[in-house]
Visitor: 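Structure incoming, see below.
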Amino acid sequence: MEEPKRTIAYLCPSCKQSVVMEQSVFRLAAGSSKLPCPCGGSAMKVELEADHADLTVPCLYCGKDHHIRVPVHAFLHEKTLALSCKATGLDCCYVGEEQTVFGALRRLEEAAAQMGDKPEEEGSFLNEAVMTEVLGELKDIAERDGISCRCGSKHYKVKVHYSSVELECAQCGAKLRLPAATGEDLEDLCCHYTLLIGGKEEG
C-alpha cells in the first residue's frame, strides 16, 4: 500500500518562485522537516508535536516569517490547509493533497503577480473589480438567507481586507475567509448557493 503523502508549498520572498515539497505523512509525523528554496534565500520549517504543528513560513508579501500553529490532524489530513499573511490577507502557504495544492498555488501565483504590478494603497484593493463583484455576490447570498455558522447562528460580521473578505460569527467567533483577488476567486464564490462559517462551503 502506498504511503499517504502531503504536499507543502509556499512562494519564496527572495526569488519569488514557488517552492514545493512532497513528504509522506509518516515522515512528517516523525519529527521536524525543512523546505528550503533552491535559491537559498528562504526555508519553511515544520515541527510536529503530539497535538499540533508549528510552522515557520517565509512570506513574499510582508517579507517576514509567519509563526503559525495548527492542529496536527488538520496538518496531516485536511484536503487543503491554507495559511495566510495577516498584513495582506493573501495565502502564503498551502498544505494538503497534491492536486488541490497545485491548483491553489497557481491562483496564488496569479495574485502575487498582480500585487507586484500594483503597490498596496490604503483604502484600495488588490483587484477592485473582483472585490466589487465578490461583495455583490455575498449580498445576494445574504439576501436569500444563505449565510450561517456551524454553531447554528445566522448573525455574523463582515470584514473587508485588501484581497479577501472575512465572515465572523457574532455568536461563537468562527471565521470564514473568502479570497477576492482573482477571477477564479469570484467564480468559486458564484458556485456556492450557501456559505457555512466554521465549516466547508455548501454548493
Side-chain angles (χ1 to χ4, degrees), residues 4-37 39-98 100-112 115 120 126 150 157 159-169 172-182 185 197-201:
K5 296 180 179 179
R6 303 296 279 166
T7 299
I8 304 172
Y10 73 95
L11 295 180
C12 175
S14 294
C15 69
K16 297 178 174 55
Q17 298 300 307
S18 300
V19 187
V20 183
M21 173 180 74
E22 187 178 69
Q23 192 75 274
S24 74
V25 168
F26 300 108
R27 184 164 182 180
L28 286 168
S32 60
S33 301
K34 190 174 183 180
L35 173 54
C37 179
C39 80
S42 68
M44 177 178 166
K45 299 175 184 176
V46 180
E47 295 280 349
L48 254 66
E49 303 293 340
D51 61 348
H52 66 268
D54 287 323
L55 313 178
T56 302
V57 184
C59 182
L60 170 65
Y61 311 111
C62 68
K64 300 177 181 177
D65 285 349
H66 293 296
H67 300 282
I68 304 169
R69 175 168 290 187
V70 298
V72 70
H73 184 272
F75 181 75
L76 294 178
H77 301 290
E78 281 280 349
K79 187 173 183 179
T80 310
L81 190 64
L83 309 174
S84 60
C85 169
K86 291 182 179 180
T88 64
L90 283 167
D91 294 339
C92 59
C93 173
Y94 296 110
V95 180
E97 298 175 3
E98 181 181 15
T100 56
V101 167
F102 273 96
L105 186 61
R106 179 173 54 80
R107 292 167 55 187
L108 181 61
E109 291 170 342
E110 180 184 338
M115 196 171 202
E120 180 176 354
L126 178 58
R150 189 166 50 183
K157 303 173 185 176
K159 296 180 180 178
V160 181
H161 301 291
Y162 180 57
S163 59
S164 65
V165 179
E166 185 178 80
L167 305 180
E168 180 178 350
C169 175
C172 72
K175 296 179 181 179
L176 174 64
R177 192 178 66 82
L178 303 167
T182 69
D185 293 336
I197 302 172
K200 295 181 179 178
E201 301 93 335

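Just so you know, these numbers come straight off a predicted model, no measurement behind them.
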Visitor: Does the side chain to side chain contact (heavy atoms under 4.5 Å, CB included) test come out yes or no for V20 and T7, once each step is laid out?
Guide: CA-CA 7 Å; V20 183; T7 299; 3.7 Å; yes
Visitor: If you look at every heavy atom in Y10 and C92, which pair is closest and at what distance?
Guide: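 Looking at all heavy atoms of both residues, the closest pair is CB-O, 3.3 Å.
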Visitor: List for me each residue that meets side-chain hydrogen bond (donor to acceptor under 3.5 Å, both in side chains) alongside K45, sequence neighbours excluded, and say none if there are none.
Guide: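 If we apply the side-chain hydrogen bond (donor to acceptor under 3.5 Å, both in side chains) test to K45, skipping adjacent residues, there are no hits.
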Visitor: With sequence neighbours left out, what residues match E97 under salt bridge (charged side-chain N to carboxylate O under 4.0 Å, His left out)?
Guide: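 Per chain and number, E97 pairs via salt bridge (charged side-chain N to carboxylate O under 4.0 Å, His left out) with no residue.
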Visitor: Report the C-alpha separation of C37 and S14 in whole Å, then their side-chain angles, then the decisive distance to 0.1 Å, and conclude whether the side chain to side chain contact (heavy atoms under 4.5 Å, CB included) test is met.
Guide: CA-CA 9 Å; C37 179; S14 294; over 6 Å; no
Visitor: Mind checking what makes side-chain hydrogen bond (donor to acceptor under 3.5 Å, both in side chains) contact with R27, not counting sequence neighbours?
Guide: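 Partners of R27 under the side-chain hydrogen bond (donor to acceptor under 3.5 Å, both in side chains) test: none.
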Visitor: Which residue pairs pass the salt bridge (Lys or Arg N to Asp or Glu O under 4.0 Å) test when at least one of the two sits in residues 12-23, sequence neighbours left out?
Guide: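 For residues 12-23, and leaving out neighbouring residues, the salt bridge (Lys or Arg N to Asp or Glu O under 4.0 Å) pairs sorted by first residue read K5-E22.
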Visitor: Which residues pass the side-chain hydrogen bond (donor to acceptor under 3.5 Å, both in side chains) test with S24, sequence neighbours left out?
Guide: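 S24: side-chain hydrogen bond (donor to acceptor under 3.5 Å, both in side chains) contacts with E3.
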Visitor: Mind checking the CG-CD1 spacing from L81 to I8? Nearest 0.5 Å is all I need.
Guide: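 These two atoms lie 10.0 Å from each other.
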Visitor: Using every non-hydrogen atom in the two residues, find where G96 and V101 come nearest and quote the distance to one decimal.
Guide: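 Residues G96 and V101, closest heavy atoms: N-CG2, 3.4 Å.
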Visitor: Restricting to non-hydrogen atoms, name the atom on L28 and the atom on S33 that form the minimum distance, rounded to 0.1 Å.
Guide: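 Minimum heavy-atom separation between L28 and S33: CD2-OG, 3.6 Å.
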Visitor: Only distances under 3.5 Å count here; give the side-chain donor-acceptor pairs of residues 69-77 to other protein atoms, sequence neighbours excluded, each with its distance to 0.1 Å.
Guide:
{"from": "R69", "atom 1": "NE", "to": "D54", "atom 2": "OD1", "distance (Å)": "2.7"}
{"from": "R69", "atom 1": "NH2", "to": "H52", "atom 2": "NE2", "distance (Å)": "3.4"}
{"from": "R69", "atom 1": "NH2", "to": "D54", "atom 2": "OD1", "distance (Å)": "3.3"}
{"from": "R69", "atom 1": "NH2", "to": "D54", "atom 2": "OD2", "distance (Å)": "3.2"}

Visitor: What are the two closest non-hydrogen atoms of A174 and I197, and how far apart are they?
Guide: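 That would be O-CG2, 3.3 Å.
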Visitor: So which atom in E78 and which in R6 form the shortest heavy-atom distance, rounded to 0.1 Å?
Guide: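 What the structure gives for the nearest pair is O-NH2, 2.7 Å.
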Visitor: Going by the rule side-chain contact (heavy atoms from CB on, under 4.5 Å), which residues pair with S84 if we only count those two or more places apart in sequence or in a different chain?
Guide: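 Scan of S84 (side-chain contact (heavy atoms from CB on, under 4.5 Å), adjacent residues dropped) gives D91, R177.
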Visitor: Just how far is it from atom NZ of K157 to atom NZ of K175, taken to the nearest 0.5 Å?
Guide: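 Spacing of NZ (K157) from NZ (K175) equals 10.0 Å.
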Visitor: What distance do I68 atom CD1 and C85 atom SG have between them, rounded to the nearest 0.5 Å?
Guide: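 The distance works out to 9.0 Å.
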Visitor: Of the options P58, C15, C59, P36, which is the one that meets S42 in a side-chain contact (heavy atoms from CB on, under 4.5 Å)?
Guide: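 The option that passes is P58.
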Visitor: Would you give the length of the straight line joining atom OH of Y94 to atom CG of L11, rounded to the nearest 0.5 angstrom?
Guide: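 Y94 atom OH to L11 atom CG measures 8.5 Å (nearest 0.5 Å).
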Visitor: With no hydrogens and no angle check, is any side-chain donor or acceptor of T100 less than 3.5 Å from a backbone partner on K79?
Guide: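 The answer is yes, because a donor-acceptor pair under 3.5 Å joins these two groups.
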Visitor: Please enumerate all residues that pass side-chain hydrogen bond (donor to acceptor under 3.5 Å, both in side chains) together with E168, with sequence neighbours excluded.
Guide: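 For E168 the side-chain hydrogen bond (donor to acceptor under 3.5 Å, both in side chains) partners, ignoring immediate neighbours, are K159.
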Visitor: In Å and rounded to the nearest 0.5 Å, what is the SG to CD distance from C39 to Q17?
Guide: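 Rounded to the nearest 0.5 Å, the SG-CD separation comes to 9.0 Å.
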Visitor: Considering non-hydrogen atoms only, spot the tightest contact between L48 and A53 and give its length.
Guide: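 Minimum heavy-atom separation between L48 and A53: CD1-CB, 3.6 Å.
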Visitor: Just verifying a value: how many Å separate L35 CG and M21 CE, rounded to the nearest 0.5 Å?
Guide: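 One finds 5.0 Å between CG of L35 and CE of M21.
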